[in-house]
**Q** 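Below are the structure tokens for one structure; questions will follow.
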Amino acid sequence: MTTYAQYITESVLARVDIDRFLSDEPSWAQFDPEVGYVLGNYMPRDGLDGSSTISTSQPDGARRAAIYADRPRRINTYGNSFTQCHQVSDEETWQEYLAAHLGEPIGNFGMGGFGVYQSYRRMIRTDSGPEGGRYVMLYVWGDDHIRSCLRCRHVLTSRWWNHVGGAMFHGNFWANVEMDLASGRFVEKENLLPTPQSLYKMTDAGWMIDALADDLMLRLSLFCYNQIDDLDLTAINRLAEILHCPPVAADDLPTQRIQADVIRMAYGFAATEYILEKAVAFAAARDKKLLLILLCPSATRQLLEGTPRHDQRVADYIARRGWPCFDMNLVHQQDFKSFRPDVDAYLRRYFIGHYSPAGNHFFAMSIRRTVVDWLDPKPITYADDSQARIGFQNYLPA
């Protein structure tokens, strides 16, 4: 039997990983006091044909943009690794493909591992300042719902993720959202380790156990993933009551895990609904246009196989609220009808884990009409001929 405390103990970091993460050496992520980390500069060997990918960032942690970067920017994008476009090089992202088509730059503030809440925090920080744009895209991926509620994702991934001696380290403590069991309401929490030096507490098993003792999403996830065998049933069933879910009542572990997973997913989806309400309110208060984007390869596969998508609750919630949304899962479902390969063969056309360069191009071309219809005034490539001729002078070399 593996207990929650034992699992956390086994996940503590070696100082050398933190040393490298905080050093001036190239690394995939760099420390951030609010959302834990943002994009750094590195060449992960995770690309097409086993190649390395060139991943570089600007001083604020945004991914470097090259296409029309000297032009005024009015579109910013936020989300996890599918927004960051992990596993491709800087100029193979969907933002760069789309920028080339529209004739104007697109800000890429995505970061691998982020949940909806961390993406939202990055959005309100950036779009409240001089780097803000009139148009904002918030990307929601399959596991983002769960990540929003975690205080520290590193523990959840510690048994399978390779930090490459600190060069690929991330998932440290960050700002998150949690359910307050007393009030039955979501509360926003700040980063428990907001300074570089404080990160070394992640090498202390006792501190980690205390800091994560009542992290219900972490405990639920480890239990549902068959990594631990103990639950705090009093707290979990209080959470179930708040979320209107059946309690964990079975005696055998397999059934308990099934019951717990219903609560876990309801918790994540409820958190996403709470965060999206805040994101919409933020955009409205600042006269910004917000476009929500849905894509999850698991949901895509489910649609292609003719089974219910696991994130249907979120898609339905957005539809009921009438919020602008581009659902790439449905685009893949329609595209699949034009081919005869099986589902695995179809997905290999676009995915290498994340999108391949071909996948990012397909995404950019799929969303382009939605974006063009959204923008006012239209981008230069869609302006009428007289406007385009006048604007084109600004694109010519001096």
Side-chain angles (χ1 to χ4, degrees), residues 26-30 32 35 37-44 46-48 52-114 119 122-139 288-291 293 295 326 354-368 370-372 374-375 377-382 391-392 394-398:
S27 62
W28 180 66
Q30 57 182 314
D32 184 89
V35 292
Y37 59 94
V38 293
L39 191 65
N41 299 289
Y42 198 56
M43 287 180 62
D46 58 4
L48 199 63
S52 295
T53 55
I54 300 171
S55 179
T56 61
S57 66
Q58 300 177 88
D60 60 0
R63 188 159 192 175
R64 187 181 68 85
I67 304 299
Y68 300 119
D70 60 334
R71 309 297 304 150
R73 189 181 76 235
R74 55 177 173 164
I75 305 173
N76 283 332
T77 62
Y78 301 89
N80 71 6
S81 53
F82 274 84
T83 303
Q84 174 212 320
C85 299
H86 191 53
Q87 293 188 258
V88 302
S89 291
D90 290 334
E91 294 185 39
E92 297 175 314
T93 68
W94 62 261
Q95 290 91 339
E96 291 292 87
Y97 287 136
L98 186 58
H101 183 72
L102 299 180
E104 61 183 83
I106 299 176
N108 184 345
F109 294 90
M111 186 60 213
F114 274 16
S119 301
R122 186 81 188 277
M123 180 184 81
I124 62 173
R125 183 173 81 189
T126 302
D127 260 82
S128 295
E131 292 299 309
R134 175 83 162 82
Y135 296 88
V136 180
M137 300 183 189
L138 181 59
Y139 200 118
K288 294 178 183 287
K289 301 295 184 181
L290 177 65
L291 176 66
I293 299 174
L295 173 67
F326 178 77
H354 296 83
Y355 270 142
S356 65
N360 281 320
H361 187 268
F362 180 56
F363 180 91
M365 293 303 99
S366 297
I367 200 173
R368 75 185 189 282
T370 298
V371 174
V372 169
W374 188 45
L375 295 175
K378 300 303 178 197
I380 186 173
T381 52
Y382 285 81
F392 182 60
N394 297 320
Y395 285 78
L396 297 176

**Q** Might you point out which heavy atoms bring Y97 and A364 nearest each other, and give the distance in Å?
**A**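 That closest heavy-atom pairing would be CB-CB, 3.8 Å.
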**Q** May I ask you to check whether over 12 heavy atoms, not counting those of F392, lie within 6.0 Å of atom CZ?
**A**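 Incorrect, the count does not exceed 12.
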**Q** Please report the interatomic distance OG1(T77) to CZ(R63), rounded to the nearest 0.5 Å.
**A**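 Rounded to the nearest 0.5 Å, the OG1-CZ separation comes out at 11.0 Å.
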**Q** Looking at every heavy atom in both A66 and E91, which two are closest together, and how far apart are they?
**A** CB-OE2, 3.6 Å
**Q** For I54, I'd like to know if atom CD1 has over 12 heavy atoms of other residues, nucleotides or ligands within 6.0 Å.
**A**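 Open.
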**Q** Testing the basics here: between A65 and I106, what is the closest heavy-atom pair and its distance to 0.1 Å?
**A** CB-O, 4.5 Å
**Q** For the pair R368 (side chain) and M365 (backbone), establish whether a donor and an acceptor sit closer than 3.5 Å, ignoring hydrogens and angles.
**A** yes
**Q** A quick test of your reading: do over 12 heavy atoms of other residues, nucleotides or ligands sit less than 6.0 Å from NZ of K289?
**A**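 Not buried by this count: 12 neighbours or fewer within 6.0 Å.
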**Q** Any donor and acceptor pair, going by atom type alone, linking the side chain of Y139 with main-chain N or O of G110 inside 3.5 Å?
**A** no
**Q** For the residue pair A99 and P105, what are the closest heavy atoms and their distance?
**A** CB-CA, 4.2 Å
**Q** Mark yes or no for whether Q87, through its side chain, and H354, through its backbone, hold a donor-acceptor pair below 3.5 Å.
**A**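 The answer is yes, because a donor-acceptor pair under 3.5 Å joins these two groups.
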**Q** State the CD-OG distance between E96 and S89, to the nearest 0.5 angstrom.
**A**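 Rounded to the nearest 0.5 Å, the CD-OG separation comes out at 11.5 Å.
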**Q** Could you check, using the six-membered ring where one of them is a Trp, whether F362 and Y355 have ring centers closer than 6.0 angstrom?
**A** no
**Q** Which value, rounded to the nearest 0.5 Å, describes the distance between T126 atom OG1 and N76 atom CG?
**A** 7.0 Å
**Q** Are side-chain heavy atoms of E92 and C85 found at a separation under 4.5 Å?
**A**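 Contact flag for E92/C85 side chains = no.
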**Q** How long is the span from the CE atom in M111 to the CG atom in D32, to the nearest 0.5 Å?
**A**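 Interatomic distance, M111 CE to D32 CG, rounded to 0.5 Å: 10.5 Å.
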**Q** Are the ring centres of Y37 and F114 closer than 6.0 Å?
**A** yes
**Q** State whether the side chain of S57 and the backbone N or O of N41 hold a donor-acceptor pair below 3.5 Å, judged by distance alone.
**A**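 A pair under 3.5 Å: no.
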**Q** Quick one: pull up CZ in F109 and CD in Q58 and give me the separation to the nearest 0.5 Å.
**A** 7.0 Å
**Q** Would you call the rings of F326 and F363 parallel, tilted or perpendicular, taking 30° and 60° as the class edges?
**A**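 Geometry flag for F363 against F326: perpendicular rings.
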**Q** Nearest 0.5 Å, what's the CH2-OG1 distance between W94 and T83?
**A** 6.0 Å
**Q** Please report the closest heavy-atom contact between D60 and R122, naming both atoms and the distance.
**A** O-NH2, 3.0 Å
**Q** I'd like to know if the side chain of R73 reaches the main chain of E131, judged simply by a donor and an acceptor atom lying under 3.5 Å from each other, with no hydrogens or angles considered.
**A** yes
**Q** Decide whether D46 and T53 meet the rule of one side-chain donor and one side-chain acceptor closer than 3.5 Å.
**A**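 Note: D46 and T53 side chains meet the donor-acceptor criterion.
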**Q** Using atom types as modelled and distance alone, determine if a side-chain donor or acceptor of K288 lies under 3.5 Å from a backbone N or O of D127.
**A** yes
**Q** So L39 and W28, do their side chains get closer than 4.5 Å, heavy atoms only?
**A** yes
**Q** Taking the side chain as everything from C-beta on, heavy atoms only, tell me whether V371 gets closer than 4.5 Å to I75.
**A**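 A side-chain contact exists here, since the closest heavy-atom pair is under 4.5 Å.
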**Q** Ignoring hydrogens, what is the shortest heavy-atom contact between P379 and E104? Give both atom names and the distance.
**A** CB-OE1, 3.4 Å
**Q** Using only atom types and a distance under 3.5 Å, with no angle test, would you say the side chain of S81 pairs donor to acceptor with the backbone of Q84?
**A** no
